[in-house]
Structure formats: structure tokens, C-alpha cells
Enquirer: 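There's a structure below that I have some questions on.
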Amino acid sequence: MIVKDDNGNTLLKIIGVEEEKAEEAFVPITHCLAVVKVGAEYLLGWNKYRQDWEIFGGCRESNETLVECINRECREELGLENVDFSYVGLLYYYMAPGYFNPNWHYEYGGLYGVCLPAECMEAIEKNRTDREEIEKLAFYSRIKGKEKIALIDETLIEYGDNLIRV
């Protein structure tokens with residue numbers, strides 16, 4: 001076990017499996033997440049529905065590959081196009097009942113990382129389209145210890161450069 005949040009959601013491990021083999025060997029892979037580093041800072045988004053800061057990503061749509069999912073989610077939430085995400089592996093969870101599944105269950109999520117130059121922030125603020133769910137953006141160093149951050153996501157940021165190619 002890596003970390004367990006207040007709701008009982010538990011990140012059990014990060015599985016280092018090749019991206020192409022992941023979808024054949026692990027089911028269900030329900031979502032993809034991205035740890036985003038802009039300059040020397042990690043970026044988070046405020047999720048209006050969950051009422052906490054979190055990393056970026058979301059649920060896979062029907063017949064969507066992992067890389068298609070992370071590209072779509074980051075295009076919507078960050079306004080990023082044609083970004084060179086680095087695939088890290090699969091997150092393996094034990095999840096509490098929630099909106100998408102009414103039972104305790106196990107699931108997988110694709111994990112990606114990306115490093116962007118600091119000058120990308122202006123384009124991110126201008127081009128992101130999903131402002132209803134992700135209301136605002138902030139750098140982790142400025143809100144750490146001051147505001148509510150999703151514990152699993154904060155743990156992934158703490159792994160930081162060990163997860164993503166810098």
C-alpha cells in the first residue's frame with residue numbers, strides 16, 4: 001500500500017508495465033492521470049465537484065486508448081495540444097463506492113507525466129476549455145499545507161521527478 005485517503009480509497013501500487021501491454025493484461029483501466037510540471041513547479045486544478053485540488057485527467061470514453069484519454073483530458077483541462085507525455089505505468093487502487101461504481105472495487109488508471117516550460121502558463125490559462133469542472137489552477141508549492149489537496153494526488157506529486165522524465 002502506498003497511501004489511503006479519508007474515504008478509504010487506497011493506492012496499492014504503481015505497476016511498471018509497458019503502455020501497449022497494459023490494456024491487454026489489466027482490467028478495468030478506468031481513467032488516466034497526468035502529473036504536470038511547469039518550469040520547476042507542479043500544477044494542480046481545483047475540482048469544483050470534489051472540492052479539492054487534484055492532478056489532471058479523467059475517465060476513459062468508449063473505445064479510447066490510454067494515450068487518447070490523457071491527450072483529450074489535458075486538452076480540455078489545460079488547453080494542451082500535441083504534448084509529449086511520458087507514460088509512467090498503471091496505478092492500482094482499491095476504491096470506495098462512489099459516483100461511477102456503487103461498490104467497493106479494484107481498478108487501474110494510467111499514469112503519465114509531462115514537463116513544460118514556465119512560459120506555457122499563459123497559453124494554459126487562455127486555452128483550457130473545461131472551466132466548469134476545473135475552476136482554477138495553482139502551483140503545489142503555493143497551496144501545500146494551506147488548502148485541501150486530494151491525498152493520492154499529493155502523494156503522486158511528492159514522488160515527482162522520480163515518476164516523470166525531467
Side-chain angles (χ1 to χ4, degrees), residues 2-12 14 28-39 41-62 64 66-81 83 85-116 118 120-160 163-164:
I2 296 174
V3 65
K4 184 176 189 175
D5 71 15
D6 294 340
N7 297 321
N9 298 309
T10 306
L11 176 57
L12 298 169
I14 300 172
I29 304 174
T30 60
H31 64 282
C32 289
L33 300 175
V35 175
V36 177
K37 190 171 186 180
V38 180
E41 299 273 1
Y42 290 97
L43 189 63
L44 293 168
W46 175 257
N47 186 304
K48 169 178 133 177
Y49 305 116
R50 291 189 190 93
Q51 292 291 296
D52 60 14
W53 291 96
E54 60 186 27
I55 62 176
F56 303 94
C59 294
R60 290 174 71 187
E61 293 181 354
S62 180
E64 192 172 50
L66 297 177
V67 74
E68 288 170 342
C69 176
I70 200 59
N71 275 303
R72 177 184 50 77
E73 286 291 342
C74 286
R75 183 176 55 253
E76 293 168 1
E77 295 179 0
L78 294 168
L80 299 175
E81 295 279 353
V83 173
F85 290 98
S86 61
Y87 171 76
V88 175
L90 290 181
L91 302 167
Y92 181 48
Y93 302 93
Y94 183 58
M95 300 292 289
Y99 180 79
F100 295 106
N101 190 325
N103 303 305
W104 284 93
H105 62 283
Y106 292 93
E107 69 180 58
Y108 299 93
L111 179 62
Y112 292 80
V114 65
C115 292
L116 303 167
C120 282
M121 277 309 297
E122 187 176 320
I124 287 171
E125 287 288 2
K126 178 183 173 188
N127 296 329
R128 62 192 195 90
T129 58
D130 188 357
R131 294 173 187 269
E132 183 177 329
E133 179 182 3
I134 303 300
E135 289 186 322
K136 56 189 174 179
L137 305 175
F139 289 116
Y140 177 61
S141 66
R142 296 184 187 155
I143 60 173
K144 179 181 179 183
K146 299 174 189 164
E147 297 193 39
K148 185 179 178 214
I149 301 171
L151 184 57
I152 290 173
D153 293 5
E154 185 169 26
T155 300
L156 292 172
I157 287 174
E158 290 292 333
Y159 276 92
L163 288 177
I164 59 178

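Sequential numbering from 1 along the given sequence is applied to the chain's residues.
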Enquirer: Drop me the distance from Leu78's CG to Ile124's CD1, to the nearest 0.5 angstrom.
Expert: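 That separation rounds to 5.5 Å.
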Enquirer: Mind checking the CG-CZ spacing from Leu111 to Phe85? Nearest 0.5 Å is all I need.
Expert: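 Between atom CG of Leu111 and atom CZ of Phe85 there are 11.5 Å.
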Enquirer: Is it the case that over 12 heavy atoms from other parts of the model lie below 6.0 angstrom from the CD atom of Glu81?
Expert: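 More than 12 within 6.0 Å, yes.
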Enquirer: Provide the closest heavy-atom pair for Leu33 versus Ile70 in the form atom of the first, atom of the second, distance.
Expert: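 Result for this residue pair: C-CD1, 3.6 Å.
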Enquirer: Would you call the rings of Tyr106 and Tyr94 parallel, tilted or perpendicular, where under 30° means parallel and over 60° means perpendicular?
Expert: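 Taking Tyr94 first and then Tyr106, their aromatic rings sit tilted (interplane angle of 30° to 60°).
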Enquirer: Considering all heavy atoms of both residues, which atom of Asn127 and which atom of Arg131 are nearest to each other, and what is their separation?
Expert: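 For Asn127 versus Arg131, the nearest heavy atoms are N-NH2, 4.5 Å.
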Enquirer: Mind checking the CG-OH spacing from Leu44 to Tyr140? Nearest 0.5 Å is all I need.
Expert: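 That separation rounds to 8.0 Å.
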Enquirer: Quick one: are Phe100 and Glu107 in side-chain contact, heavy atoms under 4.5 Å?
Expert: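 When only atoms from C-beta onward are counted, Glu107 and Phe100 do not touch, as no gap falls below 4.5 Å.
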Enquirer: Would you give the length of the straight line joining atom CG of Leu80 to atom CG of Asn71, rounded to the nearest 0.5 angstrom?
Expert: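 Between atom CG of Leu80 and atom CG of Asn71 there are 9.5 Å.
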Enquirer: Which heavy-atom pair separates Ala150 from Glu54 by the least distance, and what is that distance?
Expert: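 Looking at all heavy atoms of both residues, the shortest contact is CB-CB, 4.3 Å.
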Enquirer: Should we count OH of Tyr99 as having more than 12 external heavy atoms under 6.0 Å?
Expert: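 At most 12 heavy atoms, drawn from other residues, nucleotides or ligands, come within 6.0 Å of this atom.
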Enquirer: Give me the atom names and distance for the closest heavy-atom approach of Ala138 to Ile143.
Expert: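 Nearest heavy atoms, Ala138 then Ile143: CB-CG2, 4.0 Å.
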Enquirer: Any heavy-atom pair between the side chains of Glu76 and Ile134 that's under 4.5 Å?
Expert: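 A side-chain contact is absent here, since even the closest heavy-atom pair is not under 4.5 Å.
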Enquirer: Has the side chain of Asn47 got a donor or acceptor atom that lies under 3.5 Å from a matching backbone atom of Asp52?
Expert: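 Such a contact is absent between Asn47 side chain and Asp52 backbone.
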Enquirer: Grab the two heavy atoms, one from Ser141 and one from Glu41, that are nearest each other, plus how far apart they are.
Expert: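 So the two residues come closest at OG-OE1, 2.6 Å.
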Enquirer: Does the side chain of Glu154 come under 3.5 Å of the side chain of Tyr42 through a donor N or O and an acceptor N or O?
Expert: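 Checked: Glu154/Tyr42 side chains show no N/O donor-acceptor pair below 3.5 Å.
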Enquirer: With ring centroids as reference points, do His31 and Tyr93 lie under 6.0 angstrom apart?
Expert: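 Centroid distance His31-Tyr93: below 6.0 Å, so yes.
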Enquirer: For Glu61, check salt bridge (charged side-chain N to carboxylate O under 4.0 Å, His left out) against everything at least two apart and list the hits.
Expert: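 Only Arg72 meet the salt bridge (charged side-chain N to carboxylate O under 4.0 Å, His left out) criterion with Glu61.
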Enquirer: Do Tyr112 and Cys74 come close enough that some side-chain heavy atom pair is under 4.5 Å?
Expert: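 Of all side-chain heavy-atom pairs linking Cys74 with Tyr112, none is under 4.5 Å.
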Enquirer: Give me the atom names and distance for the closest heavy-atom approach of Arg75 to Thr129.
Expert: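 Of all heavy-atom pairs spanning Arg75 and Thr129, the closest is O-OG1, 4.2 Å.
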Enquirer: So does Lys4 have more than 12 non-hydrogen atoms from other groups sitting under 6.0 Å from NZ?
Expert: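 Not more than 12 within 6.0 Å, no.
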Enquirer: Can you check whether Asn7's main-chain N or O pairs, donor with acceptor, with Asp5's side chain at less than 3.5 Å?
Expert: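 A pair under 3.5 Å: yes.
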Enquirer: Got more than 12 heavy atoms from elsewhere within 6.0 Å of CD, Gln51?
Expert: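 Yes, the 6.0 Å shell around CD holds more than 12 heavy atoms from other groups.
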Enquirer: Under a 4.5 Å cut-off applied to non-hydrogen side-chain atoms, are Lys144 and Phe139 in contact?
Expert: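 Answer no - side chains too far apart.
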Enquirer: For the side chain of Glu133 and the backbone of Tyr49, is there at least one donor-acceptor N/O pair under 3.5 Å apart?
Expert: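 No, Glu133 side chain to Tyr49 backbone: no donor-acceptor pair under 3.5 Å.
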Enquirer: So Leu43 and Leu116, do their side chains get closer than 4.5 Å, heavy atoms only?
Expert: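 Leu116 does not reach Leu43 side chain to side chain.
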Enquirer: Find out whether Leu91 and Leu156 are in side-chain contact, i.e. whether some heavy atom of one side chain is under 4.5 Å from a heavy atom of the other.
Expert: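 They are in contact (side-chain heavy atoms under 4.5 Å apart), so the answer is yes.
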Enquirer: Flag the pair Lys148 / Arg50 as yes when at least one side-chain heavy-atom distance between them is below 4.5 Å, and no otherwise.
Expert: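 A side-chain contact under 4.5 Å is absent here.
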Enquirer: Can you tell me how far apart CE (Met95) and NE2 (His105) are? Round to the nearest 0.5 Å.
Expert: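 Going from the CE atom of Met95 to the NE2 atom of His105 covers 5.5 Å.
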Enquirer: If you measure from SG on Cys69 to CZ on Arg60, what distance do you get to the nearest 0.5 Å?
Expert: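 Nearest 0.5 Å value for the SG-CZ distance: 7.0 Å.
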Enquirer: Under 4.5 Å between any side-chain heavy atoms of Tyr159 and Ile2, yes or no?
Expert: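 Yes, their side chains come closer than 4.5 Å.
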